[in-house]
Number of protein chains: 2
Amino acid sequence: MTVLSDIRLPASRAETVADALLQPILAGAWRPHDRLPSEHALAETHGVSRAVVREAIARLKSDGYVETRQGKGAFVAAAPGGNAFRLDMAADDDHLLELRMLIEADCAALAAERHTERDLHNLRAAQAAMRDAVAAGGLGLAEDIRFHDVLAEAAHNPALRRFAAFVGRHAREAMQLARLSQLREQNRLAEIEAEHGAIIAAVASRDPAAARTAVQNHIASGLRRHGL
Amino acid sequence: MTVLSDIRLPASRAETVADALLQPILAGAWRPHDRLPSEHALAETHGVSRAVVREAIARLKSDGYVETRQGKGAFVAAAPGGNAFRLDMAADDDHLLELRMLIEADCAALAAERHTERDLHNLRAAQAAMRDAVAAGGLGLAEDIRFHDVLAEAAHNPALRRFAAFVGRHAREAMQLARLSQLREQNRLAEIEAEHGAIIAAVASRDPAAARTAVQNHIASGLRRHGL
DNA sequence: GGGCTAAACCTGCCTGACAAGCTAGACAAA
DNA sequence: TTTGTCTAGCTTGTCAGGCAGGTTTAGCCC
């Protein structure tokens, strides 16, 4: 299942062309408002059909790297890449994990200020669910993800919550969650639960600084658990 | 120039189809690993050609919402939207601006801990450039953007810096920068410079908490200046 | 020179076709 | 009946050619 998704599929021709077009934009060789070669010319130089070129340009367009105007051509956007933020390219693991720690700390600090009774209830329920999952012999991975999402929800900022989920997913991938199976033997799942409890306590006491610290401690411990 | 980019272009058919396909995915009506209708069927139901459907699916693919496999079909991705983070959809302005404040505060706090002499020099140079631009009768908009980017650079986390620039651009759009022209009359550009100076001082004294506060004060003042 | 027109580009979109991967059912063999 | 093979029919990936509509440009006429 997950193994299959790790296999690097051979990039389609459209992706190949898209990357080839993206490179000079990122490198600055093609500057904003510069005109790209015509679809016909690109098809010829890359040895593909126009349909493939159009698909490649469609991808760059949706990411905000290029803009097209009928009859005029395709142009490098004024603010290249302004539509979408990606972490898959040139994202150092250390920096990614630090970004996650910052975001989650922000979530916790806001949650400490704004949480409702319902938020607290959800946090405790999420922690209980993880405890049950571990007791049942599982790793509680889904429940851990759920806990962090509930924490982000308590910050009452949907944009922040969405980004926390986005960064969290990438961070977990970077940490190679397969190694989580080691955790059980080392009996460290209790540690995680204690740290989650500390976060809940800080949030419940409406102490932003303490909540921030509790999250930093939790994620730093997580990195240590994974030997990072 | 900038006015033109404000005009809402009529969405292309490919975009229309892409949005139509995205909706049930975001709403959860189509769950991960569900199979989408075939390109032929989608073309028929939406009254477009297969090429348009392919362009729409290409966009969803690059954002990580769907995955396709030759001979099998197109499927909702295991983690929909995992490739790209977007702010243009369903992003409340208030939440967006708060997100920006959090990120920039994180940048300042890290900068306070990690900045080099060169970073400090760059910060002061950026502030001086803005002062010069204002003295020359301009608004110093580009210089302001540059100042905030230099601050993010001083945090020494490229992923964080890229995201700060991403959020900053969207936040500035949300603030309707056209209104910046009012600033000059109100002689509030001096305020901005003073606030930038406070940030530099906090960073230079290696005080993360003070740097965080200075940024929060700066951005909150900016919102006030824009009547938000 | 100034204004108009037509030709030559460009992107947006369509049609029809073939190649390659995959699936299910028919069908023959044990 | 069970097993193995094969084929027909689906899917996506790619190609070629064409038309419609917008834009530029060069040439022509006044």
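Chain identifiers are assigned alphabetically (A, B, ...) following the order of the sequence lines, protein sequences preceding nucleic acid strands; residue numbering begins at 1 within each chain. Just the heavy atoms: all of them, side chains too, but no hydrogens, waters or symmetry mates, feed the values below.
- Taking atom NE2 on A/H40 and atom P on C/dA8, their separation rounds to 15 Å, with Å as the unit.
- A sub-4.0 Å separation between OP1 or OP2 of D/dG13 and a side-chain N or O of B/T68 is present.
- Although no hydrogens or angles enter the test, the distance criterion places a donor-acceptor pair under 3.5 Å between the side chain of A/H170 and the main chain of B/G82.
- Taking atom CD on A/E39 and atom P on C/dC13, their separation rounds to 11 Å, with Å as the unit.
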Pair B/R59-A/D63, salt bridge (Lys or Arg N to Asp or Glu O under 4.0 Å): steps then yes or no: CA-CA 9 Å; B/R59 169 181 160 181; A/D63 277 12; over 6 Å; no
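- Across the interface with DNA chain D, nearest-nucleotide mapping of B/P37 and A/V52 shows B/P37 to be the residue nearer the 5′ end.
- The listed nucleotides are D/dC15, C/dC10, C/dC14; the one nearest the side chain of B/R13 is C/dC14.
- At whole-Å resolution of the value, CG in A/L42 and C1' in D/dT14 are 17 Å apart.
- Atom CD of B/E55 and atom C1' of D/dG13 are 15 Å apart (whole Å).
- For the pair A/R69 CZ and D/dT24 P, the interatomic distance rounds to 10 Å; values are reported in whole Å.
- Ring geometry for A/F85 against B/F166 counts as tilted: the plane angle lies between 30° and 60°, on a 0 to 90° scale.
- Per the geometry, CD belonging to A/Q70 stands 9 Å off C1' belonging to C/dC13, to the nearest Å.
- Among the protein residues, B/R50 comes within range of the nucleic acid bases, having at least one heavy atom under 4.0 Å from a base atom.
- With a 6.0 Å radius and a threshold of 12 heavy atoms from other residues, nucleotides or ligands, B/R146 has its CZ atom at or below the threshold.
- Between B/S38 and D/dC10 there is no side-chain N or O to OP1 or OP2 distance below 4.0 Å.
- Taking every side-chain heavy atom of A/R54 into account, C/dT11 is the closest of C/dC14, C/dT11, C/dC10.
- The separation between A/K72 atom NZ and C/dA8 atom P is 22 Å, rounded to whole Å.
- Within 6.0 Å of CZ in A/R169 there are more than 12 heavy atoms belonging to other residues, nucleotides or ligands.
- Rounding to whole angstrom units, CG of residue B/L36 and P of D/dT12 are separated by 9 Å.
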